[in-house]
Undergrad: 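Quick one: the structure is below, questions incoming.
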Amino acid sequence: MIGATSTTDEIVAELANLLRDFEGRYYSDPIGPDTRFFGDLGFSSIDAVLLGEKIETLCGRSLPFHEHAAQLANSGATDLTVGQIAAFLQNCLADRA
Amino acid sequence: MPRLALDNFECHYQQHGAGPDVVLVHGFTSNQAMWLFSGIVTTLATRFRVTTYDLRGHGLSGAPAAGYTADVVARDFRLLHERLGVGPAYVVGHSFGGVVAMQAALDEPRRIAGIILCDTYFPGLAHLEPNMENAEVWTGLRSSFQATGVDIGAAVDFRRLFDALPGLTVDQRDILQAKLGAPGVRWLAQLGPLTGTTAAEDVFQAAGLTAERICQVSQPVVALYDERTPFAATRDFLATHLPNCRVDTVPGSGHLALLENPAGFVERVERNLDLLAGR
């Protein structure tokens, strides 16, 4: 479970566990903060929707993941790193602690 | 994760916000991520309850082998609407999503308060659009495939596109990535479940939604068409023949406004929803 006191490293490790075997798709290379959700892991946009739902389950609360992803996309970002997802989670959980 | 059992598949949906109901219905070969990651859900959820979902065969919903004509898919809409307890809804339908909205409005009018059709092509109005194969969204896709040595044909034919996908080599995928960009390749990659169904053929069936029936939709309709729409004749027909239809235009786009001009698209949908809702 990821919580308000989780460190960035702990959140990245939890995300790596989640993404390593995502819906039956196994990723064998190391997963770290710079791993790209689309470019490296080969996921599609609907996988990002599912990821948002899974991290809500992991955190035990509703999170505005789609808002965050939309902001990144509208700022010109074409991918999403594990580190960015971890930072988003850490900010959300700290705000709501 | 939000799933709802419908007749013969599990439907994946999300709801955000509070207020009058808005349902966003994506187009053929797309999924609800197009709405969620464009910012439109965030914008609308400040004053509407926004429901998005994956049509059968799309996104994270199940993919029955058959039943992809508008009448069946509109039944899915009605079941979802009923089981989620959605009130009379403003429906924003992109492309085929607009066909679903119009069919649902005819089948059970009380469920639909108004419709925004976003660059929608109707199989029942095919006679108005004899040059659909010239749509830039298809000619661009065909040109990209031709660079790989694969021809998906001049006529819009999703079966031919679906059949081409499994045989693509890594090199061909690299060429497509260079031509279509990463989002284009991600779009192709998520088509798998749909390819094993009758959807490619069904989506072009009028399934009873004839010109005469379309003209019987009595709810207010906004025909929001792209500036370079391939379906201008359809837009003009709707403006002339529907009892309550207003036309609006998204500048700088040619069918995929949410990708080509997301800010312009969201602004116009928001403005027209406010007009429909009397705000």
Undergrad: Of the backbone (N, CA, C, O) and the side chain (C-beta and beyond), which part of B/H16 lies under 4.5 Å from a heavy atom of chain A, both, or neither?
TA: side chain
Undergrad: Report which part of A/A73 has an atom under 4.5 Å of a heavy atom belonging to chain B: side chain, backbone, both, or neither.
TA: side chain
Undergrad: Between B/Y90 and B/F48, what is the ring plane arrangement, given parallel below 30°, perpendicular above 60°, and tilted in between?
TA: perpendicular
Undergrad: Give a yes or no answer on whether the side chain of B/R83 reaches the backbone of B/A5 with a donor-acceptor pair at less than 3.5 Å.
TA: yes
Undergrad: Only pairs of heavy atoms separated by less than 4.5 Å count here; which of B/S38, B/A263, B/A189 has the most with chain A?
TA: B/S38
Undergrad: When heavy-atom pairs shorter than 4.5 Å are enumerated against chain B, which of A/V49, A/D47, A/T57, A/N74 gives the highest number?
TA: A/V49
Undergrad: Heavy atoms only, distances under 4.5 angstrom: which of A/D79, A/I46, A/L50 has the most pairs with chain B? Name it, please.
TA: A/I46
Undergrad: On a heavy-atom basis, which atom in A/L63 and which in A/I55 lie closest, and how many Å separate them?
TA: CD1-O, 4.1 Å
Undergrad: Quick check: are there more than 12 heavy atoms from other residues, nucleotides or ligands sitting under 6.0 Å from NZ of B/K179?
TA: no
Undergrad: Does a side-chain heavy-atom distance below 4.5 Å link B/L180 with B/L141?
TA: yes
Undergrad: Can B/D274 and B/R47 be counted as an ion pair, charged N to O under 4.0 angstrom?
TA: yes
Undergrad: With a 4.5 angstrom heavy-atom cut-off, could you sort out which part of B/Q14 is near chain A: side chain, backbone, both or neither?
TA: side chain
Undergrad: If you take all heavy atoms of B/V22 and B/L44, which pair is closest and at what distance?
TA: CG1-CD1, 4.4 Å
Undergrad: Between A/T78 and chain B, with a heavy-atom cut-off of 4.5 Å, which part of the residue counts as in contact: side chain, backbone, both or neither?
TA: backbone
Undergrad: Which pairs would a plain distance check flag for residues 24-33 of chain B, meaning a side-chain donor or acceptor within less than 3.5 Å of a matching protein atom at least two apart in sequence or in another chain?
TA:
unit_1	atom_1	unit_2	atom_2	d
B/H26	NE2	B/L55	N	3.0
B/T29	OG1	B/W187	NE1	3.1
B/N31	OD1	B/A33	N	2.8
B/N31	ND2	B/Q190	OE1	2.9
B/Q32	OE1	B/T52	OG1	2.5
B/Q32	NE2	B/H12	O	3.3
B/Q32	NE2	B/H12	ND1	2.8
B/Q32	NE2	B/D54	OD2	3.4

Undergrad: If you look at every heavy atom in B/F162 and B/A200, which pair is closest and at what distance?
TA: CE1-CB, 3.9 Å
Undergrad: Applying a criterion of heavy atom separation less than 4.5 Å, what residues of residues 15-41 of chain A form contacts with chain B?
TA: A/F38
